[in-house]
Amino acid sequence: MFSPADEHYMARCLRLAARGLFTTTPNPRVGCVIVRDGAIVGEGFHERAGEPHAETHALRAAGSRAAGATVYLTLEPCSHHGRTPPCADALVAAGVSRVVAAMGDPNPRVAGEGFARLRAAGVRVATGLLEEDARELNIGFVARMTRGRPWVRLKVAASLDGKTALGNGTSQWITGEAARADGHRWRARACAVLTGIGTVKADDPQLTVRAVDTPRQPLRVLVDSRLEVAPGARIFGNGGALVFAAVEDRAKIAALRDRGVEVAVLPNAAGKTALGEVMRELGRRELNEVHVEAGFKLNGSLVAAGVVDELVVYLAPSLIGESGQGMFNLPAIDDLTQRSRLAWRDIQRLGDDLRVVARFAPGP
């Protein structure tokens, strides 16, 4: 169905789409290549919401040469009027003869309609080429569109015996510079960085992207059930932030709002912040990927709530011992069948440390 040339041009599309890794939110990362007579006549990628889509950039570059050409896309062209006109209509108007797309658009407003418009106009459409790669590039967008909440990636830095801090909370620095820089790259691609009040009390972090050149800072999100955070905490610097709480303390909320901080009160039956509802709210706010950097208590609560999709664990070649704090505070189990199962995704060495990426496996 697909030729080596098709694969070559789709791989080019994916590389173009990845250039928007840090900037497209809440939109998907999309690349487009237009080929006629065995040569690329136009290409482009989507960079920011509200700006031209990948197809628009590529069609402008191709001009009249788009007529009769094959268009390669990482994602089904849009079919609705949003901030920009429908790309499916633009492709038809340009007279392209064939469209090869890696995957359909999971957005219910599109979901096959883009392909249908192309086919109705006589454009040949083929889909599924390098689909897994395209899905991985937009894993957060797909998650939000199909289940209503973001893709949640939880980052942990630990010693080889699984300790994230000393018993007194000291954690800077367990891992080396290369691992810390890599952690900033994960922050940069996320729509939000989430932490808990314990981490803010212990480290007073900024949670900004500093080791990566990016024009956009992710939203900083704090889970603070009792609203214990000081309004002057560094997490609230350089722009607004969002706090999720479980209590309606008007005085504290007013003090935070004076700092430009938004507060959402989402209690559960136990008087804690309802973590599942937190993620659904972040999905409603069009956040695709959430990067978690928290302490072992919130880490455990997020895992226990079933809202974590992926772990990024940095392991240092050191031992801290039993007095140290662990990675996750999880409920006790009495049978190995109750353990959380994961699937390895990637293992790399970064300086002296190891980075392990793993995803929670589906149930039995």
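Nothing fancy with the numbering, it's 1 onward along the sequence.
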Q) Can you name the closest pair of heavy atoms from L282 and L194 and give their distance? A) CD1-CD1, 4.5 Å

**Q.** Check: F236 and V229 side chains under 4.5 Å, non-hydrogen atoms
**A.** yes

Q) What do the steps show when you test V100 against T70 for side-chain contact (heavy atoms from CB on, under 4.5 Å), and what is the final call? A) CA-CA 7 Å; V100 179; T70 294; 4.2 Å; yes

Q: Find the distance between OG1 (T337) and CG (D334) and round it off to the nearest 0.5 Å.
A: 8.5 Å

Q | Passing option when P317 is tested against T175, D353, L160 for side-chain contact (heavy atoms from CB on, under 4.5 Å) | A | D353

Q. Is a side-chain N or O of D309 found less than 3.5 angstrom from the main chain of R153, in a donor-acceptor match?
A. no

Q: With the side chain counted from C-beta on, respond yes when T208 and R220 share a heavy-atom pair under 4.5 Å apart, and no when they do not.
A: yes

Q: State, with a plain yes or no, whether a side-chain heavy atom of P205 is found less than 4.5 Å away from one of R234.
A: no

Q: Give the minimum heavy-atom separation between Y72 and D6, together with the two atoms involved.
A: OH-OD1, 2.6 Å

(Q) Run the side-chain contact (heavy atoms from CB on, under 4.5 Å) test on V156 and F328 for me, step by step, so that the C-alpha distance in whole Å, both residues' side-chain angles and the decisive distance to 0.1 Å come before the verdict. (A) CA-CA 10 Å; V156 182; F328 306 97; 4.3 Å; yes

Q.
Could you go through N288 and R29, starting from their C-alpha distance and side-chain angles, then the distance that decides it, and tell me whether this counts as side-chain contact (heavy atoms from CB on, under 4.5 Å)?
A. CA-CA 11 Å; N288 295 331; R29 299 142 183 157; over 6 Å; no

Q.
When you measure from the side chain of Q217 to the backbone of V209, do you find a donor-acceptor pair of N or O atoms at a distance under 3.5 Å?
A. yes

Q. When clusters are formed from ILVMFWY side-chain contacts under 4.5 Å, directly or step by step, what else is grouped with V312?
A. W186, Y314, L350, V357

(Q) Ignoring hydrogens, what is the shortest heavy-atom contact between A158 and M327? Give both atom names and the distance. (A) CB-CE, 3.7 Å

**Q.** Atom pair CD1 (I253) and CG (D258), whose distance is rounded to the nearest 0.5 Å
**A.** 12.0 Å

Q) Is there side-chain contact between R285 and E281, with at least one heavy-atom pair below 4.5 Å? A) yes

Q. Side-chain contact, heavy-atom cut-off 4.5 Å: V96 with I34?
A. no

(Q) Hydrophobic clusters here meaning ILVMFWY residues chained together by side-chain heavy-atom distances under 4.5 Å, can you tell me if V356 and W151 are in one? (A) no

(Q) Closer than 3.5 angstrom, by distance alone: can the side chain of E76 be matched with the main-chain N or O of D105 as a donor-acceptor pair? (A) yes

Q. Salt bridge check: are R280 and E277 linked by an N-O gap of less than 4.0 Å?
A. yes

Q.
Between E177 and R180 (salt bridge meaning N to carboxylate O under 4.0 Å), is one present in this structure?
A. no

(Q) With a 6.0 Å cut-off (strictly less than), is the heavy-atom count around CD of Q338, excluding the residue itself, greater than 12? (A) yes

Q) When you check the gap from the basic side-chain N to the acidic O, do E228 and K201 get nearer than 4.0 Å? A) yes

Q: State whether E43 and R19 are salt-bridged, where the test is any N-O pair (Lys NZ or Arg NE/NH1/NH2 against Asp/Glu carboxylate O) under 4.0 Å.
A: no

**Q.** Salt bridge present between D346 and R355 (N-O < 4.0 angstrom)
**A.** yes

Q: Check each of I235, V292, V221 against T195 using the side-chain contact (heavy atoms from CB on, under 4.5 Å) test, and report the only one that passes.
A: I235

I'd like a table of donor-acceptor pairs (distance under 3.5 Å, sequence neighbours excluded) in which one partner is a side-chain atom from residues 57-65, with atom names and distances.
residue, atom, partner, partner atom, Å
R65, NE, A62, O, 3.2
R65, NH2, V41, O, 3.3
R65, NH2, A61, O, 3.1

Q: Examine V313 and L302 and state if one hydrophobic cluster contains both, with Ile, Leu, Val, Met, Phe, Trp and Tyr joined whenever side-chain heavy atoms are less than 4.5 Å apart.
A: yes

Q. With a 4.5 Å heavy-atom cut-off, do H8 and V35 have their side chains touching?
A. no

Q.
Working to the nearest 0.5 angstrom, can you tell me the gap between T74 OG1 and L129 CG?
A. 11.0 Å

Q | Verdict with supporting geometry, C32 and V71, side-chain contact (heavy atoms from CB on, under 4.5 Å) | A | CA-CA 7 Å; C32 177; V71 178; 3.7 Å; yes

Q.
Contact between M103 and L75 at the side-chain level, heavy atoms closer than 4.5 Å - yes or no?
A. yes

Q. Which pair of non-hydrogen atoms, one from M10 and one from A102, has the smallest distance, and what is that distance?
A. CE-N, 3.6 Å

Q) Are K252 and D224 ion-paired here, with the side-chain N under 4.0 Å from a carboxylate O? A) no

Q. Just wondering, do L222 and V261 contact through their side chains at under 4.5 Å, heavy atoms?
A. no

Q: Can you establish whether the number of heavy atoms outside R226 located under 6.0 Å from its atom CZ is more than 12?
A: no

**Q.** Side chain R345, main chain L311, donor-acceptor under 3.5 Å
**A.** no

Q) What's the spacing between I320 CD1 and T164 OG1 if we round to 0.5 Å? A) 7.5 Å

Q) Taking all non-hydrogen atoms of both residues, which atom of P150 and which atom of M279 are closest, and how far apart? A) CD-O, 3.2 Å

Q.
Looking at D213, is its backbone amide N or carbonyl O close enough to the side chain of R210 to form a donor-acceptor pair, meaning the two atoms are under 3.5 Å apart?
A. no

Q: Heavy atoms only: give me the nearest A88-L118 pair and the separation to one decimal.
A: O-CD2, 3.8 Å

Q) Should L298 and F360 be regarded as members of a common hydrophobic cluster, given that ILVMFWY residues are connected when their side-chain heavy atoms come within less than 4.5 Å of each other, either directly or indirectly? A) yes

Q. Can you tell me how far NZ of K163 sits from CG of L319, rounded to the nearest 0.5 angstrom?
A. 11.0 Å

Q. Which distance, rounded to the nearest 0.5 Å, do you find between the OG1 of T23 and the CZ of R216?
A. 7.5 Å

**Q.** Cluster overlap F115 with V33, hydrophobic side-chain contacts below 4.5 Å
**A.** no

Q) Does V142 belong to the same Ile/Leu/Val/Met/Phe/Trp/Tyr cluster as L137, with side-chain heavy atoms less than 4.5 Å apart forming each link? A) no

